Amino acid sequence: MTTKFEVNELQLHYGEFHALKQISLSIPERSVNALIGPSGCGKSTFLRTLNRMNDMISSVRVDGEIKLSGTNIYDTGMDVEELRKRVGMVFQQPNPFPKSIYENVAFGPRLHRKPGRKELDEIVEKSLRGASLWDEVKDDLHKSALGLSGGQQQRLCIARALAVNPEVLLMDESTSALDPISTLKIEELIQELKKDYTIVMVTHNMHQAARVSDYTTFFLNGEVIESSPTEKLFSTPVDHRTEQYITGRFG
Ligand SMILES: Nc1ncnc2c1ncn2[C@@H]1O[C@H](COP(=O)(O)OP(=O)(O)OP(=O)(O)O)[C@@H](O)[C@H]1O
């Protein structure tokens with residue numbers, strides 16, 4: 001089993017507020033990793049440290065290290081734009097650009113390496129297929145993305161992330177704004193995607209974590225309380241706080 005991310009003694013402060021405390025965690029390649037815990041415990045903050053999205057917040061200070069395939073992404077020489085290409089992100093609300101379906105997917109590859117038309121067509125098709133959306137939109141590629149349903153828009157956002165050939169996909173409650181059928185489609189898609197990508201997802205839904213993830217990490221007050229194979233964490237948690245949380249006694 002190859003490690004994708006190795007997190008060592010990570011700390012994050014928002015000004016004086018200590019949001020992540022001494023996080024050490026290993027995330028295996030080509031696996032689905034769920035981050036669970038009550039509201040405000042630091043799940044999204046942690047997720048955003050994995051592609052340095054928190055850099056955009058001026059009060060943030062990060063200490064410790066996060067190695068991506070062996071390289072510390074917080075080293076001063078790190079090319080953050082390249083990092084965000086390798087570690088893509090899908091948000092809670094589908095956020096396609098107000099452009100055509102084709103243009104949404106073509107946007108990243110055009111920005112990064114300006115492929116020719118034929119290659120771009122191939123990238124768009126491959127990415128839409130990768131996001132299980134091709135069959136539904138192949139005849140409407142030049143129609144507005146905003147005409148798609150919420151679930152289709154979210155799969156389009158996944159296709160847009162895949163188009164720049166990432167290694168990791170970060171998903172921040174990416175199904176919480178969707179209906180149950182669209183959610184199920186994305187959960188099935190995640191099972192396909194993990195054959196090629198490492199997935200780290202924040203979810204409020206413990207059933208979803210249990211259904212789709214290989215590993216689950218439980219956060220509480222900015223700390224990792226427990227991180228284990230999902231089946232183990234839900235059947236025989238080691239820490240009593242994990243047990244209390246997964247049995248619904250708080251949060
Ligand atoms: N930009 C910010 N500036 C200051 N504090 C912040 C900022 N973003 C988050 N926080 C604080 O950091 C803590 C962790 O927030 P975070 O959003 O990571 O938690 P979460 O577990 O993802 O919560 P939720 O499940 O509600 O989304 C919270 O106390 C939050 O108020």
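Predicted model only: the values in this text are computed from it and were never measured. Along the sequence shown, residues carry numbers from 1. Note that ligands are numbered from 1 as they come in the structure, with each ligand's atoms numbered from 1 the same way.
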S.K.: Residues in salt bridge (charged side-chain N to carboxylate O under 4.0 Å, His left out) with Glu122, at least two apart?
M.R.: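 Expected list: Lys118.
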S.K.: Can you tell me if Gln191 has over 12 outside heavy atoms packed within less than 6.0 Å of its CD?
M.R.: yes
S.K.: At a 4.0 angstrom heavy-atom cut-off, what protein residues surround ligand 1?
M.R.: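 Shell around ligand 1 (4.0 Å, heavy atoms): Tyr14, Phe17, Pro38, Ser39, Gly40, Cys41, Gly42, Lys43, Ser44, Thr45, Ile57, Glu173, His204.
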S.K.: Can you name the residues that form a side chain to side chain contact (heavy atoms under 4.5 Å, CB included) with Asn221, not counting sequence neighbours?
M.R.: Lys21
S.K.: How long is the span from the CZ atom in Arg155 to the CG atom in Leu178, to the nearest 0.5 Å?
M.R.: 9.5 Å
S.K.: I need the minimum non-hydrogen distance between Met201 and Val32, along with the two atoms involved.
M.R.: SD-CG1, 3.8 Å
S.K.: Please identify each residue that fulfils salt bridge (charged side-chain N to carboxylate O under 4.0 Å, His left out) with Glu167, with sequence neighbours left out.
M.R.: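 Testing Glu167 for salt bridge (charged side-chain N to carboxylate O under 4.0 Å, His left out), a comparison that skips the adjacent residues, returns Lys4, Arg86.
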